[in-house]
Amino acid sequence: MNLLEVKNLTVRYERQTAVENVSFSLAEGGYAAIVGENGSGKSTLVKTLVGLIPASDGTVALNGITRGEIGYLPQSTVVQKDFPASVTEVVLTGCLSGGGFHPFYTKAQKTLAKEMMALLGVTPFAKKSFRELSGGQQQRVLLARALCATKKLLILDEPASVLDPVVTHELYAILRQLNRERGITILMVSHDIHCALEQAKTILHMDRTLRFCGPTDAYMETPEYRRMIGDCQPEIHAHHHHHTHAEHTNTSAVEVDNI
């Protein structure tokens, strides 16, 4: 079953088109990474999927899940670092589909929050103020919060951008575990092409429109991939220059299967 189906999605800011005619579907249990250069529409796309930005044209359809049941982790720059709440309070807000604070939580919600805090290793900070934590600790708390909101779909916008390499490795290991053992579908924006290929089963390459959507190994044969790594590995780029752009460009509707 497809959890998410996007058809001909276009998003405009005033006269600027940030996302143009994007179509794809994400199967239940899938793990997809959205890649592309800065300003290619990656963050705008995920903000539209979770309902923070209205679509100008096209549709976003969810099957078996509401927008309020999507676990969403925004870019760290968006997060209010000076949050006056305790770690436990921050995680508990994920249990409310509308967000915000609530004085009364059910026993089940409190149990879920404790379980997610333990899974993310933030239980030792439970009573600490969120603003006292390091960037890596805050990111773990916010991921625990996102997991309280969903049993099915997690959307993350560059979750490792503020983390050091060790914490990044741990975070990705947790995401893999959630995908494989709990069957949580993951859609992640990543600026790190190597991590994206290592983690995800499917790659979506954005350049305002969708330039590629398919398995990671097929993506590695595309001009888009070679351009992304060209600065680091020019010999690979030179070796494959004979491929044409048209061979792998696909902006029509594509299926993202759970492969």
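Put simply, the side chain of His205 does not reach to within 4.5 Å of the side chain of Thr222, judged on heavy atoms. Inter-residue side-chain proximity for Leu175 and Leu156 is flagged as met; some heavy-atom pair is nearer than 4.5 Å. Using a 4.5 Å heavy-atom threshold, the side chains of Gln75 and Ser161 count as separate.
For the atom pair CD1 of Ile34 and CG of Leu49, the computed distance is 6.5 Å after rounding to the nearest 0.5 Å. Here Ile70 contributes atom CD1 and Lys152 contributes atom NZ; the two are 12.0 Å apart, rounded to the nearest 0.5 Å. One distance of note links CG of Leu178 with CG of Leu143; it measures 6.5 Å at 0.5 Å rounding. With values rounded to the nearest 0.5 angstrom, Glu198 atom CD is found 12.0 Å from Ile193 atom CD1. In this structure, Ile53 CD1 and Thr48 OG1 are separated by 4.5 Å, a value rounded to the nearest 0.5 Å. The distance from atom CG of Leu187 to atom CG of Leu153, rounded to the nearest 0.5 Å, is 7.0 Å.
The main-chain N or O of Thr106 is found under 3.5 Å from a side-chain atom of Gln109 such that the two form a donor-acceptor pair. Under the 3.5 Å distance criterion, the side-chain polar atoms of Glu37 are left unmatched by any main-chain donor or acceptor of Asp207. Proximity of a side-chain donor or acceptor of Asn63 to a complementary backbone N or O of Asn2 within less than 3.5 Å is detected. Although no hydrogens or angles enter the test, the distance criterion places no donor-acceptor pair under 3.5 Å between the side chain of Glu69 and the main chain of Lys151. Side-chain atoms of Arg226 come within 3.5 Å of backbone atoms of Glu221 as a donor-acceptor pair (strictly under, hydrogens ignored). Under a 3.5 Å cut-off, the side chain of Thr88 and the backbone N or O of Ala126 do form a donor-acceptor pair.
By the 6.0 Å contact criterion, CG on Asn38 is open, its count of non-hydrogen atoms from other residues, nucleotides or ligands being 12 or less.
Between Tyr219 and Phe212, the ring-plane angle classifies as tilted under the 30° and 60° cut-offs.
Partners of Ser40 according to the side-chain contact (heavy atoms from CB on, under 4.5 Å) rule, which considers only residues two or more places apart in sequence or in another chain, are Lys42, Met206.
With hydrophobic clusters built from ILVMFWY side chains whose heavy atoms lie under 4.5 angstrom apart, Val122 does not share a cluster with Val166.
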